[in-house]
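Convention: sequence-line order gives letters A, B, ...; per-chain numbering from 1.
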Amino acid sequence: MTKVNDKTPVIAGYGHTEYSTKSGKLERELAIEAITAALADAGMDLSDIDGLSTFGIDTNDPLMLSNELGLGELRWFSQTPYGGGQACAPIQDAKLAIEAGVANVVIVYRAANLRSGNRYGRGDGVSSSDLQYFEWPAQSGLITPGQMGAMWFHRYLHDRNLSNDDLGHVVLASRRYAKRNPHSRFYEKDYSMQEYFAEPWVVEPVLRLPDCCLENDGGVALVISRYDRSRDGNGSVGIASAARGMSKGASILQNYYSNDRAAFPDLGVVLRQLWQQTGLTAKHLDFAILYDAFSPFIYMGLEELGLAQGHEVRDFVGNGGIDIDGELPINPNGGQLGEAYIHGFNGMVEAVKQFRGSASSQVASVEHALVTGGPGLPTSGMILQAI
Amino acid sequence: MSSQFRSMSPTAKVYFDGLDMNELRYQCCMDCSSVRHPPTTICHKCGSGKYLVRASAGKGAIYSWIIPRKPDMPCPPVATNQVVVVVELDEGIRIIGQYKGGTNPKFGQRVEATLENFGDNKIPMFRNMS
């Protein structure tokens, strides 16, 4: 248990829609459904909200939601750039607003039809406003995040004496978790390395189909509240620290232009802030939600966390290091490879479930956890703590 | 020449003006001589805003490579079943393009570029150095 004061920001509740391949709903309906559920979970109602924060790319901007929901006066509203990289940035915004006394209850949310609507896997993610970043790979014919990222992943694997042969361990670990998760399409399904090697290439010779996160429709909302507005810690999770980071010479999924590109330099910028703010290290974490848009992200994340170096990352995962009884359980819901892909937000729901003891694969003792946004571009992260 | 995937970035013009002249252009800092690509206004090494524009000889070694397979999207504009490479040019910059030297690209393979069209865009097409 950790001491909290009145203004300590906490995750007071969560709500989410079904994660499906065809929601049949407008994106605003997904947002409203998720927000309504989150408020109910937190024991609050619409009149409690005085802040909203989401992604810049989310179509549900704060003014629109305020009108749709009939919200009262808002004193904080923001939309953060760089998509899933900034997954934790709305939470950081809410935390800072609350700590500064600007707002009391901020809803952070992400709701999109990422499968039945614009699909990143079909190149629908290349918008005209981001063309200055995407034009280099796009003009040579790479238009999806998987195609762009794979160029960098292949070099990363090569430098570590690894190949796609070694990525199956990450996928199998996520499927072991997904097998126990009723929200996953892989619930109660076995999966073998043999099946993995029979999967088709999405980007040869780096990413097979299961090395890429799922694409689906859905909405998730979290209620970020000052502690004294929450139900006295009941089901609430403390936000010990939050950070965003952009390395020198950062890019969007094109970390091959300079040599000093660590595994995830942007994540390094975030982690140094999180450790410095809390006095914790990776060894203190009871579990981690690492944003897994692609399986190589888990290996790179382990390196950036200092838990394994170079090709050791393969053995760390292959020997059960990220399983429920491993040294650091990672993505116990199956992650975005195995549960759903709501741009990092469904992983936050899993984190809250872990702290409440209601997860499908429950970590035994939960005091501290790390949640990250999408690495490989300007990124974000937070450390959650039991209260 | 307009293109579906070309931004209006004035900085990137350093490179695109070169394509029109059949050159692979890159920046060389006038104060510290470091080279850079993609183009930037300020040198990352020394902070100078003064640079020369040079044309690469187009020779280098494969730094990374991939072959997009799925989904099966129209080629062009997507490089479906094409070998896309990042090549480290001898001048010290890295550049993305496609590889026309066969289906067995290798890290470190020596290659040289000609500028050819892929859809609307002129890009470096690399072949094995003879």
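- Taking CD1 of I96(B) as the start and CG of L142(A) as the end, the distance is 5.0 Å to the nearest 0.5 Å.
- Minimum interatomic distance between W65(B) and H154(A) (heavy atoms only, all atoms of both residues): O-ND1, 2.6 Å.
- Remark: the backbone N or O of P200(A) is not paired with any side-chain donor or acceptor of R69(B) at under 3.5 angstrom.
- Only the backbone of P77(B) comes within less than 4.5 Å of a heavy atom of chain A; no side-chain atom from C-beta onward does.
- For the atom pair Y256(A) OH and R94(B) CZ, the distance stands at 11.0 Å (nearest 0.5 Å).
- Here the closest non-hydrogen pair linking H158(A) and F107(B) is ND1-CD1, 3.4 Å.
- Note: V203(A) leads I143(A), L209(A), V203(A), T144(A) in heavy-atom pairs under 4.5 Å with chain B.
- Here the CH2-CD1 distance, from W201(A) to I66(B), works out to 12.0 Å after rounding to the nearest 0.5 Å.
- At a threshold of 4.0 Å, the pair E135(A)-R6(B) does not count as salt-bridged, since none of the basic side-chain nitrogens sits closer than that to a carboxylate oxygen.
- Neither the backbone nor the side chain of V83(B) comes within contact range of chain A; no heavy atom of the residue lies under 4.5 Å from a heavy atom of that chain.
- Under the 6.0 Å cut-off for aromatic ring centres, F5(B) and W136(A) do not qualify, their centroids lying 6.0 Å or more apart.
- Within 6.0 Å of NZ in K70(B) there are 12 or fewer heavy atoms belonging to other residues, nucleotides or ligands.
- Taking every heavy atom of both residues into account, S140(A) and G97(B) meet most closely at OG-CA, 3.4 Å.
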* To do: Check the pair Q139(A) / F118(B) against side-chain contact (heavy atoms from CB on, under 4.5 Å), numbers first and verdict last.
  => CA-CA 8 Å; Q139(A) 289 180 30; F118(B) 179 68; over 6 Å; no
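- Cation-pi check for R155(A) over Y63(B) is met; the charged atom lies under 6.0 angstrom from the ring centroid and within 45 degrees of its normal.
- Separation of atoms CD1 (I67(B)) and CD (Q147(A)) is listed at 12.5 Å; rounding is to 0.5 Å.
- In this structure, the portion of V206(A) lying under 4.5 Å from any heavy atom of chain B is its side chain and not its backbone.
- Across every non-hydrogen atom of M73(B) and R122(A), the tightest pair is CE-O, 3.1 Å.
- Using modelled atom types, one side-chain atom of S64(B) and one backbone atom of M151(A) make a donor-acceptor pair closer than 3.5 Å.
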